[in-house]
Amino acid sequence: MKPVLKMSVLAATIFLAVGCQDDNKADTNKPAEPAKVEQVAAKTPAADAKVEFKTEDQKAAYAIGASLAQYLSANLDQQKELGLDLNRQDVLQGVEDVFAGKSRLTEKQTQQALQELDQRVAKIVEEKAKAEAEKNVKAGEEFRTKFSKEAGVVTTKTGLMYKIEKEGTGPKPTATDTVEVHYKGMLTDGTVFDSSYQRNQPATFPLNQVIPGWTEGVQLMPVGSKFEFVIPPQLAYGAQANPSIPANSTLVFQVELLGIKGDKTAKPAAAPAEKPAATETKTQ
């Protein structure tokens, strides 16, 4: 977090150096007021508009200031989303005071203030992440309870849940096999975070190099089958979050097993077959 804050101060410094021109100069020579990154692009002059600079150095300096101003603006917006009120004018006032040699903070006080801000931001982020994770645990439990009551749902000893939508007649893969599949991955609210169908390209991967829920579940599928899996967090990504999958998420996958790489047998028809007796808990 600290490098981000330091970069923000640098962005403000260069932005002010470029933007705070003599008050008597024409307004057209002043850079635009900081705005969100998305908005900056909308306000940028048309590509064919002619922009005059006296020298290449002036043009380069302006470009640096404009770029860093966009970064600073986006950074302040992110802090605002966390509930922090970092006023743009206060940021620029600090820079202007330093330029004028009348800073209200010593260098030590400045570093202390930034460190305290780091700590506040870290605490807010941690609290938000904890609350989100707890919410996901509850939502996942409710979803799995509801899914378990659907006809044909099987729950294994590990907590993996699945329902057979179509059962093929081919061989079943082992954990060390490489399989070819089509799949769609969703959160419990229906949000699709990954889909080979959308890419119009089947996926191929070794079963021992994916999440445990996949490794276990796909081994239950004869080639030609289509299963729906509901995977609890401990068999998915657990408390680890990424941009598309929040921490402690229960995941829903629709999976078609197209083939096993290296299998010499002919690919069977995907006609329904009599289902073998299951030793797991099954909803009638």
Side-chain angles (χ1 to χ4, degrees), residues 36-39 41-42 74-75 77-83 121-122 124-156 158-167 179-221 225-258 280-281 283:
K36 290 184 179 181
V37 175
E38 296 86 347
Q39 295 173 339
N75 183 271
D77 287 338
Q78 290 172 358
Q79 307 303 323
K80 186 175 182 180
E81 291 176 0
L82 294 176
V121 169
I124 292 172
V125 171
E126 181 180 358
E127 291 175 349
K128 284 181 174 291
K130 182 179 179 181
E132 179 71 15
E134 291 175 350
K135 183 183 72 173
N136 292 334
V137 168
K138 183 178 180 180
E141 290 174 347
E142 293 175 350
F143 183 90
R144 295 195 305 274
T145 297
K146 183 178 179 180
F147 183 76
S148 68
K149 297 177 182 178
E150 295 184 13
V153 171
V154 178
T155 302
T156 71
T158 64
L160 174 70
M161 309 175 79
Y162 68 91
K163 181 167 60 175
I164 300 174
E165 297 187 357
K166 180 180 70 175
E167 187 165 14
V179 297
E180 182 180 17
V181 297
H182 253 318
Y183 69 93
K184 179 170 70 173
M186 297 169 286
L187 304 179
T188 56
D189 64 0
T191 300
V192 177
F193 59 81
D194 192 14
S195 174
S196 66
Y197 295 106
Q198 291 179 354
R199 295 189 294 272
N200 197 31
Q201 179 67 45
T204 301
F205 49 78
L207 271 185
N208 58 5
Q209 294 184 18
V210 291
I211 59 175
W214 265 75
T215 302
E216 177 185 357
V218 177
Q219 290 183 79
L220 301 173
M221 302 178 68
S225 298
K226 182 176 182 179
F227 282 26
E228 179 175 10
F229 294 105
V230 173
I231 305 178
Q234 69 272 19
L235 297 179
Y237 297 98
Q240 178 183 354
N242 63 52
S244 57
I245 302 177
N248 290 335
S249 290
T250 290
L251 305 181
V252 181
F253 282 95
Q254 294 177 352
V255 181
E256 287 186 83
L257 180 57
L258 304 179
E280 302 92 339
T281 304
T283 304

Engineer: Taking C-beta and beyond as the side chain, do Leu187 and Val252 meet within less than 4.5 Å on heavy atoms?
Structural biologist: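 A side-chain contact under 4.5 Å is absent here.
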
Engineer: Can Tyr197 and Glu256 be counted as having a side-chain donor-acceptor contact under 3.5 angstrom?
Structural biologist: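 Present: a donor and an acceptor within the cut-off.
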
Engineer: Decide yes or no for Phe147 and Thr145: does some side-chain heavy atom of the first lie under 4.5 Å from some side-chain heavy atom of the second?
Structural biologist: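 No - every pair of side-chain heavy atoms lies 4.5 Å or more apart.
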
Engineer: Would a 4.5 Å heavy-atom cut-off, applied to side chains only, mark Leu82 and Lys128 as touching?
Structural biologist: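 Yes, at least one pair of side-chain atoms sits under 4.5 Å.
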
Engineer: Any idea which heavy atoms bring Ala236 and Ser249 closest together, and the distance?
Structural biologist: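 Smallest heavy-atom distance, with atoms named: CB-O, 4.4 Å.
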
Engineer: Does atom CG of Asn200 have more than 12 heavy-atom neighbours from other groups under 6.0 Å away?
Structural biologist: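 No.
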
Engineer: Of all heavy-atom pairs between Pro202 and Ser196, which one has the smallest distance, and what is that distance?
Structural biologist: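 The pair with the smallest heavy-atom distance is CA-CB, 4.4 Å.
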
Engineer: What closest approach, in Å, do Leu235 and Gly159 show between heavy atoms, and which atom pair accounts for it?
Structural biologist: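 Looking at all heavy atoms of both residues, the closest pair is CD1-C, 4.3 Å.
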
Engineer: Atom OG1 of Thr158 and atom CD of Glu216: how far apart are they, to the nearest 0.5 Å?
Structural biologist: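 It comes to 3.5 Å.
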
Engineer: Measure the NZ-CG distance between Lys130 and Asn248 for me, rounded to the nearest 0.5 Å.
Structural biologist: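 Answer rounded to 0.5 Å: 12.5 Å.
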
Engineer: Tell me, please, which residues at least two apart from Phe253 pass ring-ring contact (aromatic ring centres under 6.0 Å, His included).
Structural biologist: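 Result, ring-ring contact (aromatic ring centres under 6.0 Å, His included) vs Phe253: Phe193, Trp214.
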
Engineer: Taking it one step at a time, do Leu160 and Ile231 satisfy side-chain contact (heavy atoms from CB on, under 4.5 Å)?
Structural biologist: CA-CA 5 Å; Leu160 174 70; Ile231 305 178; 3.8 Å; yes

Engineer: As a quick check of understanding, evaluate side-chain contact (heavy atoms from CB on, under 4.5 Å) for Met221 and Tyr162, giving each step before the final call.
Structural biologist: CA-CA 11 Å; Met221 302 178 68; Tyr162 68 91; over 6 Å; no

Engineer: Keeping Thr155 on the side-chain end and Met161 on the backbone end, is there a donor-acceptor pair under 3.5 Å?
Structural biologist: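 The answer is no, because no donor-acceptor pair under 3.5 Å joins these two groups.
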
Engineer: What do the steps show when you test Phe227 against Leu257 for side-chain contact (heavy atoms from CB on, under 4.5 Å), and what is the final call?
Structural biologist: CA-CA 9 Å; Phe227 282 26; Leu257 180 57; over 6 Å; no

Engineer: Any salt bridge (charged side-chain N to carboxylate O under 4.0 Å, His left out) pairs touching residues 133-143, not counting sequence neighbours?
Structural biologist: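 For residues 133-143, and leaving out neighbouring residues, the salt bridge (charged side-chain N to carboxylate O under 4.0 Å, His left out) pairs sorted by first residue read Glu132-Lys135.
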
Engineer: When rounded to the nearest 0.5 angstrom, what distance separates NZ in Lys184 from CD in Gln198?
Structural biologist: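 Here the interatomic distance stands at 8.0 Å.
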
Engineer: Show the nearest heavy-atom pair for residues Gly140 and Thr250, with the distance to one decimal.
Structural biologist: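 Gly140 and Thr250 have their closest heavy atoms at CA-OG1, 3.3 Å.
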
Engineer: Please test Tyr183 against Asp194 for side-chain contact (heavy atoms from CB on, under 4.5 Å), starting from the C-alpha separation and ending with a verdict.
Structural biologist: CA-CA 8 Å; Tyr183 69 93; Asp194 192 14; 2.6 Å; yes

Engineer: Could you measure the distance from the CZ atom of Phe229 to the NZ atom of Lys163? Nearest 0.5 Å is fine.
Structural biologist: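 Output value for this atom pair is 13.0 Å.
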
Engineer: How long is the straight-line distance from CD of Glu228 back to NZ of Lys166, given to the nearest 0.5 Å?
Structural biologist: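 Atom-to-atom, Lys166:NZ and Glu228:CD are 15.0 Å apart.
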
